[in-house]
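These numbers were taken from a predicted model, which means no experiment stands behind them.
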Amino acid sequence: LEKVKLSGDLVVEPDELIKLVQVGPGEIFSRKNATETSKAISDRLGDEGYVFANVNMVPEINDADKTVAMTFFVDPGKRVYVRHINMKGNIKTRDEVLRREMRQMESSWAATTKIERSKTRLERLGYFEEVNVETPPVVGTSDQIDVNYSVTEKASGNLTAGVGFSQTQGIILNANISQDNVFGSGKRVNLAFNNSNVSTNYRFGYYNPYFTLDGVSLGYDLGYRSTDAQQANIASYSTDVVNAGMNFGIPLNEFDNLQFNLDLKHTQLKPTALSSTEITEFVDQEGDSFLTLSPSIGWTHDTLNRAIFPTRGGQQRLSALATIPGSDLEYYKISYK
């Protein structure tokens with residue numbers, strides 16, 4: 001490449017567009033990079049409402065020197081705004097469940113990234129097999145478009161049951177009922193049961209991702225677990241654990257979220273005549289019944305494009321938990337994923 005320049009009606013500050021140029025003087029010409037530059041500039045103009053912008057590559061080839069001068073000619077077209085956002089295909093899911101994921105608003109300037117981000121948020125719900133979006137011009141106007149989202153719903157409920165046998169656990173029975181989109185409301189409920197010679201588990205969970213209109217989430221968890229460590233050939237004791245928890249999630253921005261949890265747990269430790277000295281001494285010193293209250297805080301940064309089988313993005317989680325002073329057991333946990 002001999003030189004690269006931008007021309008036409010740039011609309012936005014040239015310095016912003018220069019950052020998007022992926023080809024430069026002295027480099028070997030790459031049509032792929034040049035095409036991606038045109039798309040990047042077009043998308044940037046699309047964020048300002050120029051969704052029909054054209055960015056044309058105009059090469060000037062010098063055969064003698066084997067060089068090319070590349071000009072990107074920008075034609076923004078008319079600035080357009082969104083008239084209506086329409087939803088189609090959500091037979092079970094309520095309209096509000098889809099609309100609260102919208103980042104593009106009606107009666108505002110159209111923004112390409114907001115329209116695409118809204119599509120990604122619909123895909124991340126996990127209620128739909130497929131999500132498509134179209135932006136047809138409004139007939140009779142030159143500065144309006146409609147944004148039409150079409151979804152294909154899939155089963156959001158899950159029912160599993162199983163019977164098995166293990167040398168250590170004996171006959172195993174389990175059942176799990178979960179519904180991620182109860183009555184099309186976007187709320188999640190799950191109930192689980194697992195029973196064997198080693199352990200018995202009951203769990204109930206409820207989660208509302210939009211407890212408030214701002215996207216603050218609320219969830220509850222109830223559980224009971226009885227474990228016989230002797231049956232698992234671990235040690236001679238058993239425990240009964242009852243727990244109840246509440247959690248809140250607060251969105252900080254489009255990709256970051258804070259979580260607050262409060263868990264109350266009661267543990268009953270039951271030694272036997274065959275329990276080891278370590279266990280009996282622990283019971284003598286600490287007792288056999290423990291009540292703990294543990295608040296925790298977590299941070300999540302999530303840019304995945306889908307909840308299941310994502311193909312783009314990443315996720316990071318950091319959390320810290322500690323029992324409050326005065327709990328029968330005092331400990332803390334810090335985890336990163």
Does [X] use its side chain to pair, donor to acceptor, with the backbone of [Y] at less than 3.5 Å?
X	Y	result
N208	Y210	yes
T160	A175	no
S275	T272	yes
Q268	D288	yes
S42	S38	no
E330	G326	yes
S217	G249	yes
S196	S199	yes
N253	F255	yes

Residues [X], [Y]: salt bridge by 4.0 Å N-O rule:
X	Y	value
D240	K270	yes
E106	R83	no
K19	D15	no

Are [X] and [Y] joined in one hydrophobic group, where the rule is that I, L, V, M, F, W and Y side chains link up if heavy atoms are under 4.5 Å apart?
X	Y	value
I18	F72	yes
V23	F29	yes
L222	Y207	no
F211	M246	yes
V4	M57	yes

Give a yes-or-no answer on whether the side chains of [X] and [Y] include a donor-acceptor pair shorter than 3.5 Å.
X	Y	value
T292	D328	no
Q104	S108	yes
T300	Q259	yes
T71	E60	no
N257	W299	no
N54	D75	no
N181	Q179	no
D47	T113	yes

Original post:
Out of L329, V241, T323, which residue meets the side-chain contact (heavy atoms from CB on, under 4.5 Å) rule with F290?
Top reply: L329

**OP:** Mind listing the closest non-hydrogen atom pair of Q230 and S236 along with its distance?
**Re:** OE1-OG, 3.3 Å

Subject >> V51: hydrophobic cluster co-members (side-chain, 4.5 Å) >> reply: F52, V80, V82, I85, M87, V97, L98, M102, M105, I115, L122, L125, Y127, F128, V131, V133, I145, V147, Y149, V151

Subject >> Qualifying salt bridge (charged side-chain N to carboxylate O under 4.0 Å, His left out) pairs, either residue in residues 123-133, two or more places apart >> reply: K119-E123, R124-D302

Original post:
Taking the six-membered ring for Trp, are W109 and Y81 parallel (under 30°), tilted (30 to 60°) or perpendicular (over 60°)?
Top reply: perpendicular

**OP:** Show your reasoning for whether side chain to side chain donor-acceptor pair (under 3.5 Å) applies to T120 and N305.
**Re:** CA-CA 6 Å; T120 298; N305 63 330; over 6 Å; no

Original post:
Any chance the rings of F260 and F248 have centres within less than 6.0 Å?
Top reply: no

Original post:
Are E153 and T93 close enough, and set up right, to give a side chain to side chain donor-acceptor pair (under 3.5 Å), and what steps lead you there?
Top reply: CA-CA 8 Å; E153 292 201 281; T93 307; 2.4 Å; yes

Original post:
Is there a side-chain contact between L262 and L293, using heavy atoms and a 4.5 Å cut-off?
Top reply: yes

